[in-house]
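Here the structure is a predicted model, which means the values were calculated and not measured.
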Amino acid sequence: MVVSTASMTVTRLVVDKRKKQYLITCPECTGSKKVACEVCRGERILNYHPTKHAPFDQTTQCTCAMCEGSGLQQCLNCLGEGTSIPMAKH
């Protein structure tokens, strides 16, 4: 069991080192690790109608719960790493 754990650790280190050779800046977030929130589109607030029967022009604003008002969320392409492995061309 100890030998297999040690060999797995060494294997993981070698694989991680090889992966780093191929990493590129994430094309979605351009390395910033964050993108505009998909819910509020970076506006930080949401406009909504408080009741079903409210007049059309009556809206209420609230802070976006997805990004907690920052307007940004973690990039899903690179999972917040800022780098990704390029896709193979077919």
Taking side chain as C-beta onward, heavy atoms only, is [X] less than 4.5 Å from [Y]?
X   : Y   : answer
C67 : V39 : no
Q74 : L79 : yes
V35 : Q73 : yes
S84 : I24 : yes
L76 : E38 : yes

Between [X] and [Y], what is the shortest heavy-atom contact and its length?
X   : Y   : answer
N77 : P27 : ND2-CD, 3.8 Å
C78 : T83 : CB-O, 3.3 Å
S70 : R44 : O-NE, 3.3 Å
G71 : C40 : CA-SG, 4.3 Å

**OP:** Can you measure from CG (L72) to SG (C29) and round to the nearest 0.5 angstrom?
**Re:** 11.0 Å

